[in-house]
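Values below: all heavy atoms of this structure, side chains included; hydrogens, waters and symmetry mates excluded.
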Amino acid sequence: MHKTSSRLLALLSLLQTHRDWSGEDLAGRLDITSRTVRRDIDRLRELGYPITTVKGPAGGYRLEAGTNLPPLLFDDGQAIALAVALQTAAAGTAGTAVAEDASRALATLRQVMPPRLRHRIDLLRITAVQPTAARDTLQVDAQVLMDLSRVVHAREELRFDYAPSSSTSADNPRRVQPHHLVTWRHHWYLVAWDLHREDWRTFRVDRIRPRTPTGPRFAPRELPGGNVSTFITSRFRGNDGTTTDWPCQGEVILRLPAANVAPFAQDGIVEELGSRHCRLVLGSWSWTGLAAAIGRFDTDIEVIGPPQLATAFGDLAARYAHAARTTRPETGPAR
């Protein structure tokens with residue numbers, strides 16, 4: 001009985017690799033006869049696995065998606081990866097329906113794990129620390145995500161109410177052609193062609209309230225930049241969606257070792273020029289923003305270029321000098 005059970009698990013593992021298997025190939029991999037393969041296939045079907053027979057010269061078998069979820073088979077690496085993913089999801093979406101479902105799925109997975117794997121999973125504890133400003137982004141309705149995923153896949157026009165912020169009601173109706181559902185820095189976004197504004201837009205999913213029914217199907221447009229990664233990166237850097245370059249990029253020399261600058265340079269380029277000097281190439285959405293970002297290194301700065309960056313430093317210097325002169329005197333407590 002143990003030999004038969006092990007053989008069935010090995011057969012199921014092969015069938016789960018998402019390819020067609022001939023009876024001869026399965027028999028060779030399992031070191032059994034084709035007749036035994038047929039009997040084992042029948043046993044798996046009795047257990048609820050939807051295995052279809054593939055027509056052809058040699059014949060074969062394929063594991064199809066079924067109406068019910070049958071028992072799944074994972075190797076050790078897959079089981080651990082799944083447990084890590086579930087615990088990460090539960091920690092990173094705390095307080096949401098997704099977190100609750102992930103926790104229940106993790107408990108189910110742990111229950112059927114062999115002791116050696118269960119012990120390794122029990123040693124894993126993940127704590128997700130979310131920025132205070134981003135807590136509202138965690139409250140994304142799982143059903144809304146599913147609805148948006150469906151219309152993106154079906155290429156159907158979508159009507160929805162859109163709230164400008166989480167503190168206002170959804171009173172701004174939109175009609176769009178949805179193209180992609182993406183995440184960017186702890187937020188979910190819908191990338192879509194806005195039919196009223198005739199332009200590409202990104203919408204925060206937590207502010208979307210879909211309307212029913214959906215609209216007609218549409219032929220997808222070509223996304224600026226060629227792919228969603230380029231488009232999203234470009235838009236959030238203040239560009240038109242076709243390039244990931246920052247609109248403003250400058251070059252300076254800082255009187256600091258490269259090792260002190262690199263950890264805080266984000267996506268900038270740091271070049272070592274000596275033990276106490278380095279070159280920094282950095283970008284931002286504005287020249288003033290770029291000058292302020294470079295100024296936080298708190299050291300002497302030599303501007304290589306362009307002239308707009310030097311001008312921005314001058315404007316900031318004047319603004320800061322004015323702020324220093326207009327400091328209000330401290331007032332004592334009211335009597």
Side-chain angles (χ1 to χ4, degrees), residues 85 88-99 101-102 128-212 214-215 217-247 266-267 283-286 289:
T88 302
T93 58
T96 69
V98 172
D101 291 340
V129 179
Q130 299 292 340
T132 303
R135 288 190 177 182
D136 63 318
T137 67
L138 302 178
Q139 305 302 321
V140 176
D141 192 318
Q143 186 58 50
V144 173
L145 287 176
M146 294 298 295
D147 292 342
L148 295 181
S149 296
R150 189 195 67 78
V151 293
V152 168
H153 180 75
R155 299 299 185 190
E156 294 176 352
E157 290 183 5
L158 176 67
R159 298 180 304 125
F160 60 88
D161 296 317
Y162 190 66
S165 68
S166 58
S167 61
T168 60
S169 59
D171 57 359
N172 191 9
R174 298 294 182 93
R175 179 168 162 261
V176 302
Q177 294 177 346
H179 281 255
H180 293 84
L181 191 62
V182 301
T183 59
W184 173 270
R185 296 184 178 178
H186 309 293
H187 294 270
W188 282 98
Y189 291 93
L190 175 68
V191 178
W193 175 263
D194 192 311
L195 291 167
H196 295 299
R197 291 162 177 77
E198 296 186 345
D199 194 10
W200 291 98
R201 291 289 190 272
T202 55
F203 301 95
R204 280 266 298 271
V205 171
D206 57 320
R207 299 175 185 172
I208 292 177
R209 299 296 178 266
R211 292 186 176 188
T212 56
T214 56
R217 294 175 62 87
F218 63 90
R221 302 169 185 266
E222 183 178 353
L223 196 65
N227 59 74
V228 68
S229 177
T230 299
F231 175 80
I232 286 292
T233 303
S234 177
R235 278 299 177 96
F236 281 101
R237 288 184 173 181
N239 276 321
D240 60 0
T242 61
T243 174
T244 57
D245 293 337
W246 286 102
Q266 299 178 348
D267 58 352
S284 183
W285 59 88
S286 71

Side-chain contact, heavy-atom cut-off 4.5 Å: [X] with [Y]?
{"X": "Leu190", "Y": "Val152", "result": "yes"}
{"X": "Arg150", "Y": "Thr214", "result": "yes"}
{"X": "Val176", "Y": "Phe203", "result": "yes"}

Qualifying residues under salt bridge (Lys or Arg N to Asp or Glu O under 4.0 Å), relative to [X], sequence neighbours excluded:
{"X": "Arg155", "value": "none"}
{"X": "Arg159", "value": "none"}
{"X": "Asp245", "value": "none"}

Does [X] have any side chain to side chain contact (heavy atoms under 4.5 Å, CB included) partners at least two apart in sequence or in another chain, and if so, which?
{"X": "Thr233", "answer": "Trp184, Ser229, Arg237, Thr244"}
{"X": "Trp200", "answer": "His179, Val191, Trp193, Arg221, Leu223, Pro224, Phe231, Arg235"}
{"X": "Arg217", "answer": "Ala154, Glu156"}

- Note on the structure: Exactly one of Arg211, Arg174, Arg175 clears salt bridge (Lys or Arg N to Asp or Glu O under 4.0 Å) with Glu157, and that residue is Arg175

- Query: Is there a donor-acceptor pair closer than 3.5 Å between any side-chain N or O of Arg201 and the backbone N or O of Glu198?
  - Reply: no

- Given salt bridge (Lys or Arg N to Asp or Glu O under 4.0 Å), test Arg204 with Asp206 step by step and report yes or no. CA-CA 6 Å; Arg204 280 266 298 271; Asp206 57 320; 2.8 Å; yes

